[in-house]
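None of these values were measured; they are calculated from a predicted model. Here is how names work: the chains are called A, B, and so on, in the same order as the sequence lines, proteins then strands, and each is numbered from 1.
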Amino acid sequence: MRVKEALQSPIGTEMQVSGWVRTRRDVGRISFAELNDGSCLRNLQVVIEEGVVSEEDLSKIGTGACISVRGTLVESPAPGQPVELKAHTISILGPADPAAYPLSKKRHSFEYLREIAHLRVRSNTFGAMFRIRNTLAYAVHRFFQERGFIYVHSPIITTSDCEGAGAMFGVTTLDLMNLPRTPSGAVDFSQDFFGKPAYLTVSGQLEAEVFALAFTNVYTFGPTFRAENSNTPRHLAEFWMIEPEMAFCDLDGNRKLAEEFLRYLMAAVLDECREDLELFNKWIDDSVLSTLEHVLNSPFEHITYTDAIRLLQESGQNFEYPPHWGADIQTEHERYLTETLFKRPVVVTDYPKQIKAFYMRLNDDGKTVRAMDVLVPRIGEIIGGSQREERYDVLLQRIREQGLDESNYWWYLDLRRYGSAPHSGFGLGFERLMMFVTGMKNIRDVIPFPRTPGNAEF
RNA sequence: UCCCCGGUAGCUCAGUCGGCAGAGCGGGUGGCUGUUAACCACCAAGUCGCAGGUUCGAGUCCUGCCCGGGGAGCCA
């Protein structure tokens, strides 16, 4: 029986529960062991009376040990917990030397826990973290499945840097100590596994567009990779991204889906992870619960980029980077808009074309594109999306304008040549969502095994 | 990649002017008939990040490197 189930069982239930000991306290001739199996935040208090195990075995039931307990669920005579497990027999599945076990019963810094990522999952915070992550991941699928979206497995390995979203990791089977060369001295990739240079994907968007123009509504949810040398609390070399793509959908429909999506996720996590969220609200950031409820209940503000710049200029705020039309909206601007001015999530649309990607649909003014960013308190941009350029001629011109090689985009252009349709989509960084939901300050602490420059341990 | 801060016991940190290596927590031992991050007493525990340099003497000053954190750029 799992700990979660045991805690809800009627008094007198005979049960066997297995898990890991968080701490043991000896008082007189009785020992108390806190047992956790990851099923919930709370531990099951196991009461070990004298004679149940030998002295030698009791010494093995320390912090970190794995045990299986057979016993009776009884009402607890002491305050602190309504029920406890009175042990009849205990088998020690895996002892842990308390002197050497790296996780103590007291608090550790996140920096230290990161170095023991194989054990930090046994702590309260990371237990709660990864139950929330699981709930959110499942809610993502549920949201789209309930609306008839098709889940697309976009490729991990790609041979084209189509989006130009940043440095890519190369994928090769060539012998790096003995690279084949062309007569001109360049690496001869025709001898490589794919016959040309290959990379890990930076985005599934372009492939999602392919599927949207056949299945109407689709989404991807998978890992993406960036080889940028970014050393910040907001970047990972490997992270998970959710990218819905909808045919017959304009920017307004895109915006509405993004709002509905975020609200759905907030509702799911508030509904299913209350106890775990309360841990983050208590120890990490006391605005976690109120912010989630706020996002769930308040309508999102909607303004254009041009209005946003004007509001920022009229704000009287002393920004480090003075806002002006044509420049990107800085983090400090985003936070002013969403935390100070509107005090709720803000959707900013219609950005200048120079600061956005080539595939975003050009507006009739010829200066702005149908882009949208969803800004939320504390994090800033959490979603970026756009209506896509569906007109062949305009798209081709935009590719050329940005100095891109149009031959790389032949299949993407084909989508506009054969049965093109208005379509839109957006991308949500899953770990950024996790940071928003949990209040965690470092993205390395919301993914099981973070990959960053110089670090791919575990 | 650039700028700033840090690295001392298993963990979190103090270490004054260059002069004997410290505390709390954790761990061990003993005590306690119901504990709740238990409590009380005692005990053990150090390549002061690494490599050089200055000095009678370096945890402390200088140089280089490695690692961690924050900020910036890039972005999700």
What contact category does [X] fall into here, base, sugar-phosphate, or nothing, at under 4.0 angstrom with non-hydrogen atoms?
X      : value
A:F239 : base
A:L236 : base
A:F426 : nothing
A:R444 : sugar-phosphate
A:G28  : base
A:S76  : base
A:S31  : nothing

Check whether the side chains of A:Y321 and A:D328 place a donor and an acceptor atom closer than 3.5 Å, and report yes or no.
-> no

When you check the side-chain N and O atoms of A:E334 and A:Q330, is any donor under 3.5 Å from an acceptor?
-> no

Mind checking whether A:F211 and A:F215 have parallel, tilted or perpendicular rings, split at 30° and 60°?
-> parallel

Indicate the ring-plane relationship of A:F426 and A:F261, choosing parallel, tilted or perpendicular according to the 30° and 60° boundaries.
-> tilted

Roughly, in whole Å, what's the span from [atom1] in [X] to [atom2] in [N]?
X      : N      : atom1 : atom2 : value
A:I355 : B:rC74 : CD1   : P     : 11 Å
A:L58  : B:rU35 : CG    : C1'   : 14 Å
A:N229 : B:rC75 : CG    : P     : 15 Å
A:F110 : B:rC11 : CZ    : P     : 17 Å
A:I443 : B:rC74 : CD1   : C1'   : 14 Å
A:L35  : B:rU35 : CG    : P     : 21 Å
A:N455 : B:rG68 : CG    : P     : 6 Å
A:R25  : B:rG26 : CZ    : P     : 12 Å

Would you mind telling me which of [options] lies closest to the side-chain atoms of [X]?
X      : options                : result
A:T23  : B:rA38, B:rU36, B:rG28 : B:rA38
A:A78  : B:rG73, B:rC11, B:rU36 : B:rU36
A:R114 : B:rG69, B:rC11, B:rU36 : B:rG69
A:P233 : B:rG70, B:rU12, B:rA37 : B:rG70
A:P98  : B:rC11, B:rG34, B:rG27 : B:rG27
A:R234 : B:rA72, B:rA38, B:rC11 : B:rA72

Within the sub-3.5 Å range, which N or O atoms of nucleotides 64-67 of chain B have a protein N or O partner, and how far apart are they?
none

5'-most contact on RNA chain B (nearest-nucleotide basis), A:I383 vs A:E49, goes to A:E49

In terms of the nearest nucleotide of RNA chain B, which residue is placed more toward the 5' end: A:H108 or A:T63?
-> A:H108

Can you check the distance between [N] and [M], where both ends of the measurement are the [atom1] atom (answer in whole Å)?
N      : M      : atom1 : value
B:rA44 : B:rC50 : P     : 25 Å
B:rG49 : B:rC56 : C1'   : 27 Å
B:rU29 : B:rU54 : C1'   : 47 Å
B:rC43 : B:rG6  : C1'   : 33 Å
B:rC65 : B:rU1  : P     : 12 Å
B:rG53 : B:rU60 : C1'   : 15 Å
B:rG68 : B:rG52 : C1'   : 23 Å
B:rC40 : B:rU35 : P     : 15 Å

OP1 or OP2 of [N] sitting under 4.0 Å from any side-chain N/O of [X]?
X      : N      : value
A:Q81  : B:rG34 : no
A:N442 : B:rG68 : no
A:R24  : B:rU35 : no
A:K106 : B:rG26 : yes

So does A:R133 pair up with A:E431, basic N to acidic O under 4.0 Å?
-> yes

For the salt bridge (Lys or Arg N to Asp or Glu O under 4.0 Å) test, which of A:K105, A:R22, A:R25, A:R122 pairs with A:E34?
-> A:R25

Check this for me: does the side-chain of [X] come within 3.5 Å of the base of [N] through a donor and an acceptor?
X      : N      : result
A:E84  : B:rU36 : no
A:S230 : B:rC74 : yes
A:Q45  : B:rU35 : yes
A:N231 : B:rU1  : yes
A:H235 : B:rC75 : yes
A:E228 : B:rU1  : no

Base partner of [N], which must satisfy Watson-Crick or wobble distances under 3.5 Å:
N      : value
B:rA51 : B:rU63
B:rC39 : B:rG31
B:rC2  : B:rG71
B:rU16 : none
B:rA45 : none

Set of residues satisfying ring pair (Phe, Tyr, Trp, His ring centres under 6.0 Å) with respect to A:F449, sequence neighbours excluded = none

Taking only residues two or more places apart in sequence or in another chain, which ones pass ring pair (Phe, Tyr, Trp, His ring centres under 6.0 Å) with A:W325?
-> A:Y305

Rounded to the nearest 0.5 Å, what separation is found between the CG atom of A:L93 and the SG atom of A:C66?
-> 4.5 Å

Does the side chain of A:E389 reach to within under 4.5 Å of the side chain of A:L362, using non-hydrogen atoms?
-> yes

Check whether any side-chain heavy atom of A:L213 sits under 4.5 Å from a side-chain heavy atom of A:H423, and report yes or no.
-> yes

Would you name the heavy atoms of A:S9 and A:M1 that are closest together and state the gap between them?
-> OG-SD, 3.7 Å

